[in-house]
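Report on the structure given below.
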Amino acid sequence: MEQYTLATQLVQYLIAGLTIGSIYAMVAIGFNIIYNVTEIINFAQGEFVMLGGLIMATLCHWLGVPFFLVLPLAMLAVTGIGVMLDRLAIRPVRQPTVMTLIMATIAASILLKGAAMLLWGKDPYDVAAFSGRVPIMFLGASIQPQNLWVMGILGVVVAVLTHFFGNTIVGKAMIACADNPSAARLVGINVRRMVLLSFALSAGIGALAGIVITPLSLMDYDRGAMLAVKGFGALILGGLGSFPGAVLGGLLLGGIESFGAGLVSSAYKDVFALVFLLLVLFIKPSGLLRSGAVAKMKRF
Amino acid sequence: MKKISRKGLLILAAGLAAFPWLAKVVPGLGSYPEVMIYAGIYSLITMGLSVLVGFAGQISLGHAAFFGIGAYASAVGTATYNLDPWLCLILGALLSLLVALAIGVPTLKLKGHYLAMATLAFGIIVFIIFNEEVDITGGPDGLSRIPGLSLFGLKLNTTMSYFYFVWTVVLLVFWFCANLLESRIGRAFRAVHGSEVAAMAMGINISSHKVQAFVLSAVLASLAGSLYVHYINFINPSTCNLFFSVKLIIMIVMGGTHSLWGAILGAVLITFLSNVWLHAFQEWEVLIYGAVLLIIVIFLPDGLAGLPEKIKGWAGRGQPGKAS
Amino acid sequence: MSQMILEVKGLTKRFGGLMALTEVEFGVQAGVVKSVIGPNGAGKTTMFNLITGIFPPTEGSINFRGQSLHGLAPHRIASLGISRTFQTVELFGDMSVLENVMVGQHCRSRGSLLAAGLRLPSVRRTEKAITDKAMELLEFVGLAEHAGEPAASLPLGDQKVLEIARGLATEPGLICLDEPAGGLNEQETQELSRLIRAILGRGVTVLLVEHDMPLVMGISDEIVVLNFGQKIAEGTPRQIQQDPTVIAAYLGEEEDDA
Amino acid sequence: MLEVRDLHVYYGAVHALKGVSLEVPQGGIVTLVGANGAGKSTLLKAIAGLLPARQGSIRLEGQEISSRGAEGIVAKGLCLVPEGRQVFGTLKVIDNLNLGAFLLRGGKHQAKRQELLDYVYDLFPILEERQNQYAGTLSGGQQQMLAIGRALMANPRILVLDEPSMGLAPLVVREILKVLGALNQKGLTILLVEQNARAALKVASYGYVLETGGMAAQGEAKALLSDQNILKAYLGG
Amino acid sequence: MTGRTGRRLWLGCVLTFLALSWVLPSLALAAEPYKLGAVFSVTGNGSMLGDPEKKTVEMMVEKINSSGGINGVPLKVIVYDDESDATKCALAVKKLMTEDKVLAVIGPSLSGLSLAVVPLAEANEIPLISCAASYKIVLDEKTGKPYKWVFKTPQSDSLAVEAIFAHMKKKGIKKIAIMTATDGFGQSGRQELVRIAGLKDSGIEIVADEKYGPKDTDLTAQLTKIKGLNPQAIINWSIGPVQVVALRNAKDLGIKTPFYQSHGFGNRNNIQLAAGAAEGVLVPLGACNIDEILPANHPQKAVTGEYAKMYKAKFNEPLSSFGGHGWDGLMLAVNALKTAGPDRSKIRDALEQTKNFVGQHGVFNMSPADHNGLTPESFSMVVVKGNDWAMAD
């Protein structure tokens with residue numbers, strides 16, 4: 001075997017960490033969109049990721065057309081499921097406290113997982129890598145084109161969301177709903193429609209995360225919960241409600257897991273990430289990029 | 001809160017005493033006392049969680065860890081070190097108490113989703129330790145052949161004896177929690193939930209009371225863990241994983257967080273749903289389970305304990321003369 | 001008579017860049033009603049929050065019965081003998097009227113969690129004493145017949161009065177009332193005024209924040225006026241009513257009024 | 001223009017409004033005064049559709065609006081400037097104003113939006129100066145101007161204001177009331193709820209006095225101003 | 001107003017489910033069949049094992065009954081899903097033993113759960129044929145003898161480890177890296193790997209011992225570390241998709257050392273999923289996975305070929321090695337029933353005396369000292385070649 005230096009290994013850990021971290025970040029972003037409009041943590045967010053991967057795999061298999069034609073279809077399908085989630089699980093709740101709404105999302109995630117198991121069975125599914133599997137060598141480390149796709153798509157998601165929330169009137173209207181729902185209604189914003197939109201948007205982003213990670217790690221019906229937990233961790237680490245926080249939190253968690261597994265102990269890699277999270281919270285109870293004052297304004 | 005009816009407790013006790021005999025006679029209920037043992041064990045945890053979540057207004061997504069600490073303390077103590085099961089039970093409870101203090105003091109300063117994540121993280125960390133410390137815990141395969149309990153020389157190794165034993169403990173804990181909730185400490189818990197600033201202004205040390213509620217619920221979960229292993233004679237890490245923590249929260253929400261009765265009802269409901277009632281659906285079980293939970297959340301946001309009020313409401317709606 | 005129960009010196013509070021209070025100074029003599037008035041946002045509630053320890057002051061000192069409150073947690077300050085009510089009612093909504101008042105007795109009673117759960121005789125005695133005291137206070141404020149009802153079901157006026165009863169249950173030396181007449185009608189306000197006098201009769205000093213001028217002018221021994229976080233006047237009701245700065249800032253100018 | 005008849009509103013179990021009636025004529029400026037907690041804000045919230053009415057009617061230009069919901073009522077031309085300003089603090093001034101014209105979004109209304117924006121900047125030049133500042137960093141008076149400006153961006157025919165002078169320095173209050181007067185002159189109908197009753201009655205043509213859920217008095221603003229009893233009871237002598 | 005349409009939709013859903021629940025449990029029963037019980041992890045973490053086991057058992061019961069049952073008596077197997085959960089497993093086994101009054105129990109799928117229910121079999125005196133690998137299931141460590149009522153069908157992990165190490169010796173491999181999942185399957189494999197490598201004459205040195213979560217989606221970090229330590233071969237021990245992830249990551253990192261997988265890899269689906277990354281992977285497999293490449297004179301050729309054909313025809317999915325454990329469990333019980341009749345203790349005795357029973361994973365020869373009855377020959381080293389199994393040289 002050729003020389004494999006520590007420096008090269010470190011680069012390799014970094015790439016692995018950034019890749020998985022990008023997925024955590026995308027899950028966290030999905031959480032954030034819904035949280036910002038409703039204060040709910042949607043625990044079915046991980047199921048969106050799972051469904052994105054599985055639907056993509058199935059569509060690719062059926063249609064046999066290039067991925068970029070299937071991708072919007074798969075995202076659209078999951079977006080539809082996100083809309084249904086709002087209509088069938090969130091809006092009908094009679095006394096919408098944060099606790100009951102979160103419980104509704106947990107119930108919905110159990111339901112979605114069960115449905116996915118019936119539809120797809122328990123076997124994993126694969127999607128072809130977007131642009132082949134010929135590794136790119138960088139400082140001796142090997143990078144899959146798909147790794148770059150994952151990071152690139154996170155970049156695109158962040159850019160598009162930044163534009164959406166920063167420059168479009170509907171995006172601002174969503175922020176306004178989060179900022180002050182009753183004032184938002186007073187300027188004619190239909191808050192309920194914005195909530196629906198937030199579910200659709202975060203379902204779409206979740207689906208995208210699932211689609212882009214499947215070529216690397218496969219996808220099966222049982223992935224959702226763990227991704228949701230990691231994404232939730234990333235979100236809290238970065239600071240609830242903050243988009244830069246979600247990205248930072250995701251990449252940090254991914255990085256700690258990867259370096260922890262490689263340099264210290266692979267069995268305890270999740271412990272390192274979680275202990276880090278706890279320490280951050282003990283020192284800064286509102287996450288890395290969230291000021292305490294803003295966090296206090298929210299009930300949850 | 002309405003005073004806990006002592007009469008209700010007596011009726012419950014009588015019903016429970018008759019239950020195994022009834023189950024023998026009624027066809028199809030033969031396995032119910034067995035399932036009720038587990039429901040009873042879970043009730044111990046959910047009552048503690050009810051005090052913590054429903055009354056003191058905090059959240060924990062990590063209580064499976066305390067169940068596990070109790071269970072492993074009993075398992076390791078008896079199977080590996082041949083200690084007395086009762087001693088192990090107490091040691092487990094003490095260990096849980098200390099861990100709950102250590103983790104509770106910094107963690108309960110957090111609020112809402114942050115608290116949820118921190119307790120979740122704690123639960124996962126403890127789970128990983130159970131899974132990885134193979135020399136002590138047996139790793140993922142767990143520990144088996146854990147001895148049972150005996151009381152006054154009487155071996156508690158039959159369904160009947162353990163059923164009565166567990167539910168006696170449940171009733172005692174119920175009585176304890178009910179007393180507590182009606183005392184100054186219970187009022188302080190509820191005050192912290194109602195308004196932290198007002199509670200502070202009334203001279204209530206809110207962090208101390210949050211921690212007390214947390215510790216109480218941790219000790220009860222630990223007790224439940226001990227009772228669990230001494231009955232099933234086995235423990236493995238996946239018994240106390242993250243999903244068990246979530247399941248406990250599902251139990252109290254389904255039962256109704258604002259009531260000890262709800263805690264028991266929720267534990268019984270979920271235990272029977274996932275161990276008996278939904279088996280007929282086979283592969284569809286998970287799907288139906290999710291649907292049932294969703295339906296309860298949507299139509300009974302106060303859980304089963306809110307059902308009597310609901311029925312009264314439905315009955316009332318039919319009557320004329322109400323302002324429209 | 002002239003003993004100061006509360007002394008506030010150089011009290012300053014900054015929230016970020018906003019000066020909520022700037023160098024406020026005043027004293028409250030034991031056994032009087034002292035009122036703090038000023039427009040909304042003048043810093044009155046912030047001052048209450050500083051006195052009761054909800055936030056630490058940025059600068060300045062607060063002494064209660066000669067003891068500095070610096071760095072004390074709110075529950076410690078409450079047990080030293082400062083109680084309060086809230087501008088927006090902060091009752092424990094799903095507890096009964098009686099239980100709300102019983103919570104007030106928390107810092108005047110003892111008993112561990114274990115003892116409470118086991119319902120030891122000592123606990124029963126304590127509970128009895130707490131209940132008796134709470135009932136006595138409910139009778140004092142005139143809410144005894146509502147003792148068993150959920151606090152949230154009371155009309156606003158009674159909720160305000162209940163807050164006062166709850167505050168008195170901590171057996172304070174000083175009670176800070178934050179707009180107790182807000183939302184009360186004239187008759188209720190008059191009853192409130194009688195209640196405040198009765199509170200004085202129990203030996204409790206009253207610090208009052210209020211907009212209702214007839215009440216303030218009628219009951220106060222002394223008034224402090226705040227505007228934009230600064231003290232602009234202090235004196236007897238008569239002095240305040242005639243103070244031109246106060247009129248300009250708060251009472252409203254009457255330049256072209258008859 | 002706006003007509004409220006026998007309105008009953010509940011806040012949870014609390015019967016907050018017990019049969020309130022009120023009228024705002026086209027082009028008029030009507031004020032509603034009363035003590036804290038008398039139900040002024042509740043009434044305005046019910047009119048704006050934030051609270052459901054249990055009983056009674058709210059008509060805007062003869063059309064029943066009580067079941068339309070807040071968004072629908074804005075579309076009908078009634079805008080509420082809420083108590084405590086409630087600007088979107090995490091958004092910039094210009095975004096707040098643009099959101100005010102949320103119902104006029106899209107290219108079709110581009111010209112109208114620009115016209116409204118110019119109009120608002122004309123009224124409150126300070127907002128143009130600060131347009132790229134976050135609304136949360138504005139002073140109280142500027143926030144109040146922004147709140148009014150935001151409401152005007154919806155091109156309302158009737159503007160409802162809940163305590164615009166709350167917590168503001170007298171000078172600022174006077175400026176805002178002056179603007180309201182000017183708006184009214186240009187034909188905007190105004191319903192004004194005020195704590196600072198004396199000032200409010202001075203700009204208004206007609207006044208109502210609300211007392212714990214019911215109307216205690218009403219009349220020409222001038223008459224109310226000179227009624228010593230009312231002044232004593234509600235305005236503190 | 002709030003979500004009225006949503007609630008109406010819900011009502012529709014509820015009614016549909018209620019209607020379904022009436023239709024589903026409408027199974028007619030034949031008179032007085034032999035009753036066996038089975039508990040498998042059909043869902044949950046162990047579903048990779050339990051799902052094919054359940055399918056296999058149900059398929060075989062159908063076949064037995066359609067060809068006249070056992071000695072003319074129909075066979076009924078009550079199958080419960082323990083959802084990979086200890087409490088559910090214990091409840092299910094207890095119900096089978098006390099309520100359903102079965103003659104013998106097949107399963108559970110997982111070692112941990114099997115260990116949990118061993119005392120129940122002993123206490124209720126009912127034969128239990130576990131489908132999990134751990135030797136502790138059948139061996140009472142206190143007495144050093146097998147439990148009276150408990151049997152198991154899979155080869156112990158030690159047999160798989162020995163097969164791999166023997167192959168390594170042949171290839172001159174000494175320094176190896178192991179990577180194992182932190183679930184029961186992976187950890188009992190790890191224990192055996194470490195134990196046997198630690199024996200004096202093993203000639204194997206473990207230079208890297210990496211672990212990962214059974215649901216992990218990326219093993220680049222572990223493999224990077226392994227690559228840096230330069231082992232001569234890598235052994236991975238897990239079940240489910242993570243095995244494929246390991247292969248893909250290894251290929252992506254340009255790791256070219258020989259790669260061994262555990263017998264958990266025994267499913268052609270894994271080869272497809274690896275998308276080329278499985279080429280050259282070495283696996284110890286039981287006969288049932290490789291029926292096509294077995295020599296014509298192999299004793300199991302006929303039995304495995306028939307099973308594979310039936311399974312593929314019925315379920316339209318590749319066979320996994322775990323289904324074979326279910327087959328062995330059921331057919332061992334049926335075999336015993338044939339001679340012993342419906343009597344628990346006679347069935348037990350018959351099981352213990354099983355000789356030359358040709359199963360999917362080997363030829364079983366039970367004895368009072370061995371309640372598994374398999375030898376190292378039950379594993380063959382197989383290599384992936386051209387997207388299919390081939391006998392390794």
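All chains are named by letter (A, B, ...) in the order of the sequence lines, taking the proteins before the strands, and each is independently numbered beginning at 1. Computation of the quantities below employed the complete heavy-atom set of this structure, encompassing side-chain atoms and omitting hydrogens, waters and symmetry-equivalent molecules.
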(message) Given heavy-atom pairs under 4.5 angstrom as the criterion, report whether the side chain, backbone, both or neither of Leu115(B) touches chain A.
(response) neither
(message) Using heavy-atom distances under 4.5 Å, tell me whether Lys122(A) contacts chain B through its side chain, its backbone, both, or neither.
(response) side chain
(request) May I ask you to list the residues in residues 193-200 of chain B that approach chain A closer than 4.5 angstrom, counting heavy atoms only, ordered by number? (result) none
(request) Just jot down the ring-ring contact (aromatic ring centres under 6.0 Å, His included) partners of Phe272(A), sequence neighbours excluded, or say none. (result) none
(message) I need the residue from Thr100(A), Leu118(A), Leu278(A), Val271(A) with the largest number of non-hydrogen atom pairs under 4.5 Å to chain B.
(response) Leu118(A)
(message) For a 4.5 angstrom cut-off between non-hydrogen side-chain atoms, does Met99(A) reach Val53(B)?
(response) yes
(request) Answer yes or no: is there a donor N or O on one side and an acceptor on the other, between the side chain of Tyr114(B) and the main chain of Ile236(A), under 3.5 Å? (result) no
(request) Select all residues of residues 241-264 of chain A having any heavy atom within less than 4.5 Å of some heavy atom of chain B, and report them by number, or 'none'. (result) none
(request) Tell me, for Leu120(B) versus chain A, whether the close heavy atoms (under 4.5 Å) come from the side chain, the backbone, both or neither. (result) side chain
(message) Could you check whether any side-chain N or O of Tyr268(A) sits under 3.5 Å from a backbone N or O of Glu132(B), counting only pairs where one atom can act as donor and the other as acceptor?
(response) no
(request) To the nearest 0.5 Å, tell me how far Ile106(A) CD1 sits from Leu294(B) CG. (result) 11.5 Å
(request) Specify the closest pair of heavy atoms between Ile128(B) and Ala267(A), including all atoms of both residues, with the distance to one decimal. (result) CG2-O, 3.9 Å
(request) For the pair Phe282(A) and Thr107(B), evaluate side-chain contact (heavy atoms from CB on, under 4.5 Å) and give the outcome as yes or no after the intermediate values. (result) CA-CA 7 Å; Phe282(A) 293 162; Thr107(B) 304; 3.6 Å; yes
(request) Please report the shortest heavy-atom distance between Pro92(A) and Ile298(B), naming the atom on each side. (result) O-CG2, 3.5 Å
(request) Check the pair Ile296(B) / Met103(A) against side-chain contact (heavy atoms from CB on, under 4.5 Å), numbers first and verdict last. (result) CA-CA 10 Å; Ile296(B) 296 179; Met103(A) 196 48 63; over 6 Å; no
(request) Report, by ascending residue number, the residues of residues 220-233 of chain A in heavy-atom contact with chain B at a distance under 4.5 Å; give 'none' if the set is empty. (result) Ala225(A), Val229(A), Phe232(A), Gly233(A)
(request) Decide side-chain contact (heavy atoms from CB on, under 4.5 Å) for Ile125(B) and Val275(A); before the verdict, give the C-alpha distance in whole Å, the side-chain angles of both, and the deciding distance to 0.1 Å. (result) CA-CA 8 Å; Ile125(B) 291 170; Val275(A) 167; 3.8 Å; yes
(request) Name the region of Leu277(A), side chain, backbone, both or neither, that has any atom closer than 4.5 Å to a heavy atom of chain B. (result) side chain
(request) Can you tell which part of Ile129(B) gets under 4.5 Å to a heavy atom of chain A, answering side chain, backbone, both or neither? (result) both
(message) Restricting to non-hydrogen atoms, name the atom on Leu111(A) and the atom on Gly290(B) that form the minimum distance, rounded to 0.1 Å.
(response) CD1-C, 3.8 Å
(message) Quick one, Ile102(A) and His113(B) - any side-chain contact, counting heavy atoms below 4.5 Å?
(response) yes
(message) If I take atom CE from residue Met117(B) and atom CG from residue Leu240(A), how far apart are they, to the nearest 0.5 angstrom?
(response) 11.5 Å
